[in-house]
Number of protein chains: 2
Amino acid sequence: MTGSQPSRRGRLPRAEREARRQEIVDAARAELVESGFDRLTMAAVARRAGASKETLYAWFGSREQLVAALIEDNADASAERVAALLEGAAAGDPHEVLTAYARGLLELLCGESSIALNRAAMTSPELAATLLAGGRHRVGPLVEAYLARASTAGELDVPDPAEWFRLLYGLVVQDTQIRVLLGERPPSPRERRRQADQAVERFLALSAGLG
Amino acid sequence: MTGSQPSRRGRLPRAEREARRQEIVDAARAELVESGFDRLTMAAVARRAGASKETLYAWFGSREQLVAALIEDNADASAERVAALLEGAAAGDPHEVLTAYARGLLELLCGESSIALNRAAMTSPELAATLLAGGRHRVGPLVEAYLARASTAGELDVPDPAEWFRLLYGLVVQDTQIRVLLGERPPSPRERRRQADQAVERFLALSAGLG
DNA sequence: TGACAACCGTAACGGACAGTACGCATATTG
DNA sequence: CAATATGCGTACTGTCCGTTACGGTTGTCA
């Protein structure tokens, strides 16, 4: 899969460097998913990526920084998806927008990459800070801003966007995240959709029924 | 603190063996909280407990089994508290019972022991299984049974106890657990109480308002 | 085309630490 | 008071792995 038409030796053409970097990141992510952070070895990543350890250190600095790069890579992807959803559909029906967000959140948290990266982050304060900065602390405000907008537009009634974002999170995720982090099988896609949809129903019911 | 009036050498009196074991477990927990699982060394535990590494291996078998013993120790304590609360106060007002449970849950999850043990469990399938067996899979049914009892007694209206337990969990915990596991400062006791109480209000509102 | 730079493969260095072995000290047991 | 079973302290062994170093190769760039 990882394109190797040229013989991967010698200096890299400028145009390929970006793609090469992504190949290495992907290899590292695959190793992390398979082995977990504490069993992740630089040798295994190098072998899988068809790279040398020296290149890994030249590009990423250290084992921990390599994993930090993985985290940022993942965070960028998911934050952009959320931003596109919430900003693009600013005029959409909150019920639909929130449902789409809730489904995506549950999807994300049940993905093997998120699981592996969250586990890894818990073993190192630096990685944890990186994950929070790229995840929760970046996506949270987007959702809060959306809730605030929908609220002033009269489509919703949430007095405190920050608090209601946390409520939404709890309704959607429940104990799913901690359970999958502890190794339980994630709910099926069907189950996930049901869980997300029901969470939004409850969220809107609470929003409507109680100041 | 760790009682050392006798000079801790030679064969142990039978009566002291139990207490000695607890001392070692406590020392291990303290080390785990300070250093985390991957930096937890048997030498450090031995030093802190005033024991020898050989004794650690004789009593617990391996590093991983030592941590498993910690997990079981913690799980026993918390499961007994929940059982006492729910069985003892079977006739109490559900509002009060659930509030007490919710406060205790949040308290537990924010405690440094729980945080350290949950982090540790995520690095090893065996430890994770131990934690789930002693925690979630032991306490969950207790709460579900309580909800079922309260429901048949007409004090509550929860058609599916298992699902409503998960809902309660989500309302109480929200994103608190994942954030403290990632190193954020836990909410203050005041904040925790407010969060727990509000969760119960919402739980009861949903229970009353929606089949 | 001729430096030069970056990359791969392999090997070597060094530290950390789980687990084991051993000698001495102390309590139990008879 | 022997004889024995533990338990402490220390030193040792083996292994794993992050990190660095080196030689050979292939592409870029002037």
Side-chain angles (χ1 to χ4, degrees), chain A residues 2-25 27-28 31-32 34-70 120 123-124 126-127, chain B residues 2-25 27-28 31-32 34-70 120 123-124 126-127:
Chain A
T2 27
S4 47
Q5 55 266 43
S7 63
R8 276 292 156 253
R9 279 175 155 272
R11 188 175 189 171
L12 238 56
R14 224 162 200 296
E16 292 184 23
R17 289 196 50 137
E18 188 64 18
R20 184 67 177 132
R21 185 191 154 97
Q22 193 60 46
E23 280 180 18
I24 294 178
V25 166
E31 282 294 325
L32 188 68
E34 279 182 18
S35 312
F37 183 58
D38 49 345
R39 288 169 202 259
L40 176 79
T41 72
M42 296 299 266
V45 175
R47 199 179 327 119
R48 186 164 205 143
S52 77
K53 291 207 271 176
E54 194 167 30
T55 303
L56 263 49
Y57 283 98
W59 286 27
F60 296 94
S62 72
R63 175 172 173 273
E64 180 156 347
Q65 286 175 288
L66 172 58
V67 176
L70 291 193
T123 72
S124 147
E126 289 77 22
L127 292 181
Chain B
T2 26
S4 46
Q5 55 265 43
S7 62
R8 276 292 157 253
R9 280 176 155 271
R11 188 176 189 171
L12 239 56
R14 223 164 200 298
E16 292 185 21
R17 290 196 50 135
E18 188 65 18
R20 184 66 178 130
R21 184 191 155 96
Q22 194 60 46
E23 280 180 17
I24 294 177
V25 166
E31 282 293 326
L32 188 68
E34 280 182 17
S35 311
F37 183 58
D38 50 345
R39 288 170 203 258
L40 176 79
T41 72
M42 296 298 265
V45 174
R47 199 180 325 121
R48 185 164 205 144
S52 75
K53 282 171 62 173
E54 195 166 31
T55 302
L56 263 49
Y57 282 99
W59 287 28
F60 297 94
S62 72
R63 175 171 172 273
E64 180 156 346
Q65 285 175 289
L66 172 59
V67 176
L70 290 193
T123 72
S124 146
E126 290 76 23
L127 292 180

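The chains referred to below are lettered A, B, ... by the order of the sequence lines, with proteins before strands, and numbering in each begins at 1.
With values rounded to the nearest 0.5 angstrom, A:Arg48 atom CZ is found 13.0 Å from A:Glu23 atom CD.
Here the closest heavy-atom approach between residue B:Ala51 and residue B:Ile24 is recorded as CB-CD1, 4.4 Å. The two residues B:Ser124 and B:Glu64 come nearest to each other via the heavy atoms OG-OE2, 2.8 Å.
Remark: A:Trp59 is not in phosphate contact with C:dA6, judged by side-chain N or O atoms under 4.0 Å from OP1 or OP2. For D:dC17, the OP1/OP2 oxygens have no side-chain nitrogen or oxygen of A:Thr41 closer than 4.0 Å. Considering only side-chain N and O atoms, B:Arg63 lies nowhere under 4.0 angstrom from the phosphate OP1 or OP2 of C:dA16. For the OP1/OP2 pair of C:dC8 and a distance below 4.0 Å, the side-chain nitrogens and oxygens of A:Arg20 include at least one atom meeting the criterion. When the side-chain nitrogen and oxygen atoms of B:Ser52 are compared with OP1 and OP2 of D:dG9, none of them lie within a distance under 4.0 Å.
One cannot find a donor-acceptor pair under 3.5 Å joining the base of D:dT20 and the side-chain atoms of A:Lys53.
Atom pair B:Phe60:CZ and C:dA18:P shows a separation of 15 Å (rounding to whole Å applied). Distance B:Glu31 CD to C:dC17 P: 12 Å, rounded to the nearest Å. Atom P of nucleotide C:dT10 and atom CE of A:Met42 are separated by 18 Å, given to the nearest angstrom. One interatomic measurement links the two molecules: CZ of B:Arg47 to P of C:dC17, which rounds to 10 Å at whole-angstrom precision. One atom, CG of A:Leu56, and another, P of C:dG9, lie 12 Å apart when rounded to the nearest Å. Summarising the geometry, the separation between CZ on A:Arg21 and P on C:dC7 is reported as 12 Å, rounded to the nearest angstrom. With rounding to whole Å, B:Gln65 atom CD is found 13 Å from C:dG19 atom C1'. Atom P of nucleotide C:dC7 and atom CD of A:Glu23 are separated by 13 Å, given to the nearest angstrom.
Counting non-hydrogen atoms under 4.0 angstrom, A:Leu40 reaches the backbone sugars and phosphates but no base. Across all strands, B:Ala58 comes closer than 4.0 Å to no nucleic acid atom at all (heavy-atom distances).
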### Message
Using salt bridge (charged side-chain N to carboxylate O under 4.0 Å, His left out), reason through B:Arg21 and B:Glu18 one step at a time and then give a plain yes or no.
### Response
CA-CA 5 Å; B:Arg21 184 191 155 96; B:Glu18 188 65 18; 5.5 Å; no

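Of the listed nucleotides (C:dC8, C:dA6, D:dG18), C:dA6 has the atom at the smallest distance from the side chain of A:Arg17.
Looking only at side-chain heavy atoms (C-beta outward), B:Phe60 and B:Met42 stay at 4.5 Å or farther from each other.
Where B:Glu54 and B:Ser62 meet DNA chain C, the nucleotide closest to each residue was compared, and B:Ser62 sits on the side nearer the 5' end.
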